[in-house]
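This is a predicted model, so every value here is computed, not measured. Letters A, B, ... mirror the listed sequences (proteins, then strands); counts begin at 1.
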Amino acid sequence: MKEFAALYTALDQTTRTSAKTAALAAYFASAPEADRLWTVALLSGRRPRRSITTSRLRLWAAERAGIPTWLFETCYPVVGDLSETIALILPPPQTRIEASLSDWIADLRALDGADDAKRRDFVLRAWDGLDPTQRFIFNKLITGGWRMGVSQKLMTRALAQATGIDEAELTHRLMGDWSPDTTTWQGLIAAPDPQAALSRPYPFALAHQLDLAPDALGPVTDWLAEDKWDGIRGQLIRRGGSHHLWSRGEELMTDRFPELATLAQALPDGTVIDGEVLAWDHRAAHPLAFARLQPRIARKSVPARLLAEAPVIMMAYDLLEWEGRDLRAQPFAQRRAGLAQLLGGLADGVALRLSPALGAPDWAGLATLRAQARARGAEGLMLKRLDAPYRMGRHRGDMWKWKLDPLTIDAVMIYAQAGSGRRATLYTDFTFAVRDGAGFVPFAKAYSGLSDAEFRAITAWVRQHTTDRFGPVRAVRPELVFEIAFEGIQASPRHKSGVALRFPRMARWRRDKPVAEVASLDDLKAMLAQYG
Amino acid sequence: MVLEFREAGIYCPAADAYIDPWRPVARALITHGHSDHARAGHGSYLATRAAAPVMRHRLGDIRLATLPYGEVLRIGDARVSFHPAGHVPGSAQIRIEVAGEVWVVSGDYKTVADGLSEAFEPVACHAFISECTFGLPIYDWPSEAVLAQQINGWWAETRARGQTAVLGVYALGKAQRVLRLLDPGIGPILTHGAIEATNAVLRGQGIALPDTVAVAPGLDLAACRGAMVLAPPSALGSAWMRRFGPVSTGIASGWMQLRGVRRRRGADRGFVMSDHADWAGLNAAIAATGAERVFVTHGYTAPFARWLGEQGYEAGIVATEFGGEALDLPEVEPDPDRDTRNDTDPPLAARQSAP
Ligand SMILES: [Zn+2]
Ligand SMILES: [Zn+2]
């Protein structure tokens, strides 16, 4: 594990991207192939299955360090990371075990089915034979949650440097559901097997938020406008007689949406469609609220009741492959025409619709259509350049999100909780309330939108204004006012306030506003009536 | 009780004196010169001989008497003496004996020798009042040799890239300790004005330090590319830094033990170096006193007192105002920024960092 630990240290000791890329490239050029493959897997979020529970790890670590478990549990939130806490409290190593990253992973997986005593023995021996950095890595192999400050993009760039393979091509090879068990360095990266590529999605093209006036984009005729649908972005692949549905997070969702199976069968082999999975009201021909889709995301298999309550369709955006040919280099107008033709030939009632083009003679006309997007169940518009190829990632100028301004409401903070990871030492997770008669009623939780400096100031304030504690949560004096922004509002009998917000976040800390000026429950209900 | 815990600080009725008081009192016994322990406004001060120059430098014209380490002074019915605490040059634990009962106030302390401060000496006592800034088992300091290797290695790499290394350290203690670890063969060593002023005071009392160049108007900075610059942590990222061109920044502090704090501080490198005892140091120091009663202050007091209680001590918590922080730490660690206030000299720092 020495090479991997050295890589980890090098990455941890720099904030410069160029230094990180160089360290990774050097590692990919020199480390054993099995270790390289595992490193690619770990850095792209593929971790080995957990073979030991974290509660066991905590117990054994406290025992080995000779401290009571309450003291361990005091240390953990201070450090903010379980693997690091364990690495820090253990006594210095007594031996030195030389084993590679992939050896350690293999040993850990061999524990599947072993009894508790055997697992404990293995873990204690490992801790005793590794230095603190290696221990930290070993613990991470068990607990998962890698955060080495390396994005998948940066990793792919380093891999391209080390192998001489084109970055875009590598990104494509790394997509899909491979794991170091099902492939090898050769098979995945150096000389990929075409059979394995059958289920592999293309890297998604993503849009930037429009940050300029739309007329700066040139003539409106260069663009195609569509609604910005609020569902799950997905890629439907029909190849080799079967179909696959991938999320943007490269999660395979095929079994969650059985409605799409009949659709996929209607498509010829060698077809790939980019689109949005939406819960759909077939009678009204209108999307259902995103909240209705959520229970379907949560479960791997779908009971009939849910299928009836929240049927899905795919709103098609783009045609990436047709008759086995990769169309991504074609201009969007041509791909879209192909898509329209394909959909036109499908039988009625299949769960696939073409995302409608919204036409207007000028930008002002499109702005009017955008202002009406909520009524169509959309969050705003998408602007797509008609002559753009389908490029992976966010490519400025190809595609823009032109979202509606969020809804906002002023609210008061009533509970605070420490964050996790990098922000474990700050209070960052807050619960907000609106006025209800003489009291307050909570209606939203949010944890993003402020700077670290603001979180630090609020953390100091929370410590001084705590009125009660419930485990890690502190009740605070209702004094700090925030502007809460959100994308949508729905009725929710599960919540005390009777509403649920979509994507709530803190737009601003309103230091200028006294608590007397926060909104009331009636204001919230009025918003529900208007936008819900 | 030999000592009582009062609003103004730790009080000894037999001597009618306070130890490191945080409100103005008539007679103050001072453990060391950091500004959260040696405050302005007392009627008279008593400190070690080695602590006196820094205190005069920081507090100006005060009524200050000094006592060599180990020498006993009778004040009222109390026998008072100072013993090395190993924290910074001149720092002391204060031993107070009244009618055969001995109490010791640790002040801030560090058990491992740093080659600069007078080495910590355990003092046998009945009751020990111990700081516990780093009183959790996650704190475990590397040796001076490892630190020297890490810091010099970083400096050499930074210089090889054509950049200047800027290390954030407190003006009294940490800065001089780093100076003695640095390898002057690598390049020139520059100092921020707040640090150079403290260096001058310590050199004046016979403490040997390597040559340093104060960063001042007129200094040819182009010729200093690749230097090591020592500056107070508050200067990192400030306008003052711009003059050095491309830099790599580091912070030397016990808080750097934690990855989350390292990343939050946004420095390129963090070195785990503290003027306080780590977990093992605290436990060893307390055991070495032979005390049955231990009062803890300054840091993770609640868990540390509980731990000591389980080890068979009669343990309590003293609410103090050292470091200016609330004793409210179980879930959230103390803000590392607060130590900046302890150790930088405000008037000087302000003057020097003005553009
Ligand atoms: Zn101090
Ligand atoms: Zn202190």
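Annotation: side chain of B/Tyr300 is in contact with side chain of A/Val78 (closest heavy-atom distance under 4.5 Å). Using a 4.5 Å heavy-atom threshold, the side chains of B/Leu136 and A/Val79 count as separate.
The part of B/Trp279 that comes within reach of chain A is its side chain, from C-beta onward, which places non-hydrogen atoms under 4.5 angstrom from that chain. The part of A/Glu84 that comes within reach of chain B is its side chain, from C-beta onward, which places non-hydrogen atoms under 4.5 angstrom from that chain. Contacts between A/Ile67 and chain B at a heavy-atom distance below 4.5 Å involve backbone atoms as well as side-chain atoms. Using a 4.5 Å cut-off between heavy atoms, B/Glu310 contacts chain A through its side chain alone, with no backbone atom that close. Within the 4.5 angstrom heavy-atom criterion, no atom of A/Phe72 approaches chain B.
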Could you walk me through whether B/Arg262 and A/Asp12 pass the side-chain contact (heavy atoms from CB on, under 4.5 Å) check? CA-CA 10 Å; B/Arg262 270 198 316 267; A/Asp12 194 45; 3.0 Å; yes
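Separating the CZ atom in B/Arg161 from the CZ atom in A/Arg16 is a distance of 4.5 Å, to the nearest 0.5 Å. Taking CG of B/Asp140 as the reference point, atom CG of A/Leu88 lies at 8.5 Å (rounded to 0.5 Å).
Around CZ of A/Arg511, the count of heavy atoms belonging to other residues, nucleotides or ligands within 6.0 Å exceeds 12. More than 12 heavy atoms of other shown residues, nucleotides or ligands fall within 6.0 angstrom of atom CD in B/Gln311. When the shell of 6.0 Å around CD of A/Gln152 is examined, it contains more than 12 heavy atoms from other residues, nucleotides or ligands.
The heavy-atom pair separating B/Pro303 from A/Trp70 by the smallest distance is O-CH2, 3.2 Å.
Applying the salt bridge (charged side-chain N to carboxylate O under 4.0 Å, His left out) rule to A/Lys153 yields no partners; only residues at least two apart in sequence or on another chain are considered.
Across A/Thr14, A/Leu90, A/Ile89, the residue that shares the most heavy-atom pairs under 4.5 angstrom with chain B is A/Ile89.
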